[in-house]
There are 2 protein chains.
Amino acid sequence: MVNICFGWIHWRQQYSLKAFLTRGRAVSKNNTSVVASLRQWIREGRYPAGERLAELHVAEHLGVSRTPVRLAFRTLEQEGLLERAGQRGYRVRAFTETDILCALEVRGALEGVAARRLAEQGLSTALEAQLIDCLDRGHAVLEKGFLEADDVTVWSELNECFHTTIIGSIGSSVIGDALARNDHLPFASADSIILDTQALDREYRKLHVAQTQHQTIVQALRQGEGARAEMLMREHAYIGLRYGELLSLDPPDRR
Amino acid sequence: MVNICFGWIHWRQQYSLKAFLTRGRAVSKNNTSVVASLRQWIREGRYPAGERLAELHVAEHLGVSRTPVRLAFRTLEQEGLLERAGQRGYRVRAFTETDILCALEVRGALEGVAARRLAEQGLSTALEAQLIDCLDRGHAVLEKGFLEADDVTVWSELNECFHTTIIGSIGSSVIGDALARNDHLPFASADSIILDTQALDREYRKLHVAQTQHQTIVQALRQGEGARAEMLMREHAYIGLRYGELLSLDPPDRR
DNA sequence: GAGCTCTACTCTGGATCCAATAACATATTA
DNA sequence: TAATATGTTATTGGATCCAGAGTAGAGCTC
């Protein structure tokens with residue numbers, strides 16, 4: 001089991017640096033969704049990898065009946081967070097470094113395909129304006145040369161906006177669905193967050209590079225260079241490895 | 001809704017040509033898995049796209065209680081076959097031509113990544129022998145220059161073996177899982193199968209090209225040429241469009 | 001005749017109950 | 001002492017029941 005801080009792949013749910021900065025665990029208050037609670041608990045390490053989960057125990061733990069837990073187990077199994085332990089319940093899945101690298105490659109490949117399709121079908125003026133707006137606002141956040149706590153939140157929301165805009169504009173949800181399923185993999189656990197005082201500095205460098213990459217991607221999209229857009233987007237997926245908190249893994253060399 | 005025969009993306013469950021040839025619907029006898037039955041029914045068009053499904057009705061239809069149906073609905077929703085119809089149950093999802101193309105691209109991209117990783121990490125002699133064995137047996141099937149009904153079955157099993165061997169050898173199930181989820185999309189329905197007397201001829205040409213592509217892929221894998229293996233595998237994913245039954249769609253030009 | 005309201009029905013979500021099964025532990029016999 | 005048989009327990013899977021919410025339709029009013 002890899003034990004590292006890894007917030008980047010989860011730009012949809014920035015819980016690592018943001019949670020650390022605000023000193024508040026983003027625990028969902030409404031227990032409406034058992035699935036969400038279980039995801040959270042697994043991410044937090046409350047159910048560590050390898051732990052065997054039984055419907056009844058989890059149900060009591062959550063204060064609900066077995067039925068919603070059963071549904072949640074199926075869902076989480078499909079997402080890859082749980083695996084069947086024979087007839088003896090489910091087990092929290094452990095992830096290796098290879099798994100993490102593969103998930104990054106999957107992300108890069110899928111977003112790359114989306115970028116290529118978008119470049120080939122051409123940007124509408126409205127879409128182009130939307131992307132440029134994301135870029136401008138991201139630029140504004142990074143302009144002052146350093147980060148404050150809120151800046152990370154703002155920028156990661158813009159980042160999310162940038163990516164979802166691209167994914168949502170290719171006229172099919174198939175790629176986005178595949179991507180969303182991939183993103184459920186929990187490669188961060190709250191107790192593994194190791195941030196030093198230089199965290200914001202490091203984060204700034206990362207965001208700066210990401211911002212530049214975004215600009216280059218939009219450029220390729222505008223010029224209809226599908227292959228280049230795809231290549232750039234794939235490289236972009238590794239930014240967490242190159243400039244982030246993942247220290248023990250080497251990003252693949254690809255150009 | 002696209003209404004075409006499209007068996008290739010489902011090399012794990014060859015139901016189109018094979019089912020036609022054997023004149024037997026591959027209806028699952030054991031009703032153990034409600035999910036499988038529902039998938040089958042949706043593929044067969046028994047529940048056409050847009051149809052609203054209610055738990056109770058489907059449960060009666062299947063002769064089981066609501067509980068397993070509810071589980072199945074969640075599963076199928078995650079797989080992308082069903083979508084929520086507000087608070088009024090689920091709806092069978094309709095797929096556009098773009099969806100199909102995207103699914104093919106996703107398949108190509110993911111298998112491409114797998115091929116690249118495998119080439120980069122190097123083939124073990126055992127794995128190499130396994131792949132070569134697949135190739136040889138596939139070659140033997142196609143050697144006589146024409147196809148009989150059983151040949152299609154045999155070759156598609158070998159095809160499946162070839163692909164799963166590659167996917168299963170990269171040391172992580174993440175890519176394989178993403179691929180498996182993508183493959184659940186039902187792009188074939190039994191009533192849309194339009195096969196003429198030249199079907200076997202056409203199929204032979206397709207299989208022949210696929211066989212050649214497999215050989216080229218193994219060659220690239222053996223020589224450790226990751227980028228080439230990836231490119232070949234991605235192109236391979238479009239064989240259904242180039243030589244198969246999909247007539248109305250143009251495969252992307254990519255080289 | 002049109003629009004609003006109320007009621008009944010449909011459908012989902014959760015809880016609980018019952019059956020089946022696999023694993024584990026214990027006892028018995030060769 | 002070891003192997004097999006048997007009983008117990010833990011756990012899943014399915015069925016049914018109950019509550020809540022949303023929708024549609026009928027009826028009433030202006």
Side-chain angles (χ1 to χ4, degrees), chain A residues 27-42 46-94 173 177 180-181 184, chain B residues 27-42 46-94 173 177 180-181 184:
Chain A
V27 178
S28 62
K29 277 180 184 174
N30 49 346
N31 240 2
T32 50
S33 172
V34 176
V35 177
S37 302
L38 280 179
R39 266 201 222 110
Q40 182 88 16
W41 286 14
I42 292 173
R46 201 155 159 181
Y47 290 142
E51 175 106 347
R52 249 187 36 193
L53 297 185
E55 285 178 9
L56 190 61
H57 298 162
V58 174
E60 286 172 355
H61 210 170
L62 277 159
V64 294
S65 136
R66 272 181 53 215
T67 311
V69 174
R70 199 188 309 180
L71 284 165
F73 278 8
R74 295 289 183 99
T75 302
L76 294 174
E77 184 195 8
Q78 271 209 322
E79 288 178 3
L81 273 76
L82 299 181
E83 56 188 359
R84 298 295 296 264
Q87 295 285 349
R88 304 294 278 179
Y90 288 79
R91 198 183 303 117
V92 178
R93 194 164 144 196
S173 64
D177 290 348
R181 288 189 290 252
H184 282 132
Chain B
V27 178
S28 62
K29 277 181 186 173
N30 49 346
N31 241 1
T32 50
S33 173
V34 176
V35 177
S37 302
L38 280 179
R39 266 201 222 109
Q40 182 89 15
W41 286 13
I42 292 174
R46 202 155 157 182
Y47 289 143
E51 176 106 346
R52 250 187 38 193
L53 298 185
E55 285 177 7
L56 190 61
H57 298 162
V58 175
E60 286 171 355
H61 210 169
L62 278 158
V64 294
S65 136
R66 274 182 52 214
T67 310
V69 174
R70 200 187 310 180
L71 285 165
F73 277 9
R74 295 287 183 100
T75 302
L76 294 174
E77 185 195 8
Q78 272 209 319
E79 288 178 4
L81 273 74
L82 298 182
E83 56 189 358
R84 298 296 295 266
Q87 296 283 349
R88 304 294 280 177
Y90 289 78
R91 198 185 301 117
V92 178
R93 192 164 146 196
S173 64
D177 290 347
R181 287 189 291 251
H184 282 131

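Each chain gets a letter, A, B and so on, in the order its sequence line appears, and its residues count up from 1.
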query = Quick one: the side chain of B:R70 and the base of D:dG14, do they pair up donor-acceptor inside 3.5 Å?
reply = no
inquiry  = Less than 4.0 angstrom between a side-chain N/O of A:S65 and OP1 or OP2 of C:dA15, yes or no?
reply    = yes
Report all interatomic pairs (protein N or O, nucleotide N or O of nucleotides 21-23 of chain C) with separations under 3.5 Å.
none

query = Of B:F73, B:Y90, B:W41, which meets side chain to side chain contact (heavy atoms under 4.5 Å, CB included) against B:V58?
reply = B:F73
inquiry  = With a 3.5 Å cut-off and heavy atoms only, can you find an N or O donor on one side and an acceptor on the other between the side chain of B:R66 and the base of C:dG13?
reply    = yes
task = Could you check how far CG of B:L71 sits from C1' of D:dG13, rounded to whole Å?
result = 9 Å
task = Would you name the heavy atoms of A:L62 and A:S37 that are closest together and state the gap between them?
result = CD2-CB, 3.9 Å
Over all atoms of both residues, closest heavy-atom pair of B:Q78 and A:R181 = O-NH1, 2.9 Å
N/O (side chain, A:H57) to phosphate O (OP1/OP2, D:dA10) under 4.0 Å = no
key: Sub-4.5 Å side-chain heavy-atom contact between B:L76 and B:E79   = yes
ask   = For the side chain of A:E55, counting heavy atoms from C-beta on, which of C:dG13, C:dC11, D:dG13 is nearest?
value = D:dG13
note = note: A:L56, atom CG; D:dG13, atom P; distance rounded to Å ~ 14 Å
ask   = Counting only N and O atoms by type, is there a donor-acceptor contact under 3.5 Å from the side chain of A:R93 to the main-chain atoms of A:G80?
value = yes
ask   = Which part of the nucleic acid, if any, lies within reach of B:R84 when heavy atoms closer than 4.0 Å are counted: base, sugar-phosphate only, or nothing?
value = sugar-phosphate
ask   = Side chains of B:L53 and B:V69: closer than 4.5 Å at any heavy-atom pair?
value = no
